[in-house]
Amino acid sequence: VSSLVPELALIQTPFLFDSHAEADYLLDNHLIDVYAPLLAEQGLQFLSWDEIGFHHVYGKQPILVPQDARGVRFRVSAGLAARYFAEALDADVIPLPFSENITGLQTGLVDAGANALILYARTGIAAEAPHLTLTRHAYTVNILLANQRWLNGLDELQRAAVENGWMDMEPARALTRAEWQEDLAKADELGFVIHEIDASQRAAWEVATAPVAQRLIGELGGRAEQVWAAIQQAKQAYRARDAADSGG
């Protein structure tokens with residue numbers, strides 16, 4: 001979808017979201033309003049977010065801090081955010097389709113990468129790159145869409161079936177999160193080692209990848225600046241709400 005609405009790449013900016021709660025709040029209460037009009041300009045009707053989850057770094061060897069990734073053959077997807085993240089680590093960046101990732105790991109073409117847990121633990125990647133560092137550096141979603149012209153051609157009953165034929169986001173997210181929590185609990189059985197990072201290590205990741213945001217904005221052009229400003233305003237609204245809820 002980001003080939004039609006490039007500004008969507010900003011959602012995957014490293015360390016944009018600090019928690020699932022923040023991501024949920026921004027996506028549901030602010031970012032639909034930001035992105036739905038941009039999608040509509042391309043003839044697309046927004047229907048729902050579809051969670052993939054936070055991305056983590058995996059490798060044949062542990063990668064606990066950014067310096068550990070320097071020079072490592074790091075697989076990235078076609079998205080700009082993923083590539084800029086790896087470049088910020090001074091990794092040896094290898095663009096590779098997901099379907100070729102296992103072969104790449106087996107042949108030594110790549111030795112590391114990043115992905116959400118549900119795309120790592122049970123897809124064969126864990127067997128080839130068994131060290132998973134829970135960086136939680138990028139939150140990713142799919143987007144459920146409909147062709148607007150086609151949707152407008154449906155009768156009232158059909159249109160309602162399309163627009164309401166999806167599980168509500170909250171229970172859908174709960175199912176996805178239960179799946180990856182189960183995978184974490186079964187790490188030994190699935191053949192991978194979990195590496196949690198402490199506050200100082202997380203800070204090192206954040207500092208190393210901080211330039212990615214402005215680099216993305218500059219490369220995307222269009223209305224990226226305005227979208228980024230709207231995202232920052234939404235984050236401020238979340239922090240204010242969170243402070244009010246906690247009595248701070």
Side-chain angles (χ1 to χ4, degrees), residues 9-26 51-77 79-94 110-121 125-126 129-140 177 180-181 183-188 190-217 228 231-232 234-236 238-243 245-248:
L10 292 171
I11 293 178
Q12 296 184 34
T13 301
F15 300 103
L16 178 62
F17 304 112
D18 290 329
S19 65
H20 284 105
E22 183 181 23
D24 294 349
Y25 176 83
L26 265 67
E51 168 150 321
I52 299 173
F54 277 109
H55 278 212
H56 312 287
V57 170
Y58 60 81
K60 295 181 179 179
Q61 302 297 326
I63 300 175
L64 304 181
V65 291
Q67 292 86 342
D68 293 338
R70 187 170 297 152
V72 172
R73 299 178 68 80
F74 199 100
R75 177 262 171 184
V76 299
S77 63
L80 281 179
R83 176 160 63 87
Y84 289 174
F85 172 79
E87 289 178 354
L89 307 177
D90 288 329
D92 184 3
V93 179
I94 311 292
V110 293
D111 293 313
N115 223 317
L117 193 61
I118 60 172
L119 296 174
Y120 166 81
I125 297 174
H131 292 277
L132 182 72
T133 302
L134 300 184
T135 52
R136 301 177 179 90
H137 64 271
Y139 182 82
T140 52
R177 292 170 189 177
W180 61 253
Q181 286 168 347
D183 288 343
L184 285 176
K186 293 183 175 180
D188 289 343
L190 294 171
F192 66 94
V193 179
I194 299 169
H195 301 279
E196 278 281 8
I197 57 174
D198 60 27
S200 64
Q201 290 169 327
R202 179 180 171 88
W205 285 99
E206 291 180 353
V207 168
T209 59
V212 172
Q214 287 304 314
R215 190 178 177 193
L216 272 174
I217 292 168
W228 184 251
I231 292 173
Q232 297 309 307
K235 285 175 68 66
Q236 291 175 7
Y238 173 77
R239 287 193 289 268
R241 190 204 67 157
D242 198 39
D245 289 346
S246 62

Between Y120 and H56, does the ring centre distance come in under 6.0 Å?
no

Nearest heavy atoms of [X] and [Y], plus distance in Å:
{"X": "T209", "Y": "P14", "value": "OG1-CB, 3.7 Å"}
{"X": "I63", "Y": "A112", "value": "CD1-CB, 3.6 Å"}
{"X": "A81", "Y": "A9", "value": "CB-O, 4.1 Å"}
{"X": "I197", "Y": "W205", "value": "CD1-CD1, 4.0 Å"}
{"X": "I118", "Y": "I52", "value": "CD1-O, 3.6 Å"}

Kindly indicate whether the side chain of [X], heavy atoms from C-beta on, has any atom under 4.5 Å from the side chain of [Y].
{"X": "L216", "Y": "W228", "result": "no"}
{"X": "L26", "Y": "K235", "result": "yes"}
{"X": "V57", "Y": "F85", "result": "yes"}
{"X": "D111", "Y": "Q61", "result": "no"}
{"X": "Y58", "Y": "L132", "result": "yes"}
{"X": "V65", "Y": "R70", "result": "no"}
{"X": "V72", "Y": "K60", "result": "no"}

Under 3.5 Å donor-acceptor, Q201 side chain and D198 backbone:
yes

Verify, without hydrogens or angle tests, whether T13 (side chain) and A213 (backbone) share a donor-acceptor contact under 3.5 angstrom.
no

After noting the C-alpha distance and the side-chain angles of H131 and T133, does the key distance pass the side-chain contact (heavy atoms from CB on, under 4.5 Å) rule?
CA-CA 7 Å; H131 292 277; T133 302; 5.8 Å; no

side-chain contact (heavy atoms from CB on, under 4.5 Å) between F17 and Y238: does it pass, once the steps are laid out?
CA-CA 11 Å; F17 304 112; Y238 173 77; over 6 Å; no

Is the shortest distance from a Lys or Arg side-chain nitrogen in R202 or D18 to a carboxylate oxygen in the other one below 4.0 Å?
yes

Run the salt-bridge test on E196 and R136 with the 4.0 Å N-O cut-off and return the result as yes or no.
yes

Given side-chain contact (heavy atoms from CB on, under 4.5 Å), test N115 with R75 step by step and report yes or no.
CA-CA 10 Å; N115 223 317; R75 177 262 171 184; 3.9 Å; yes

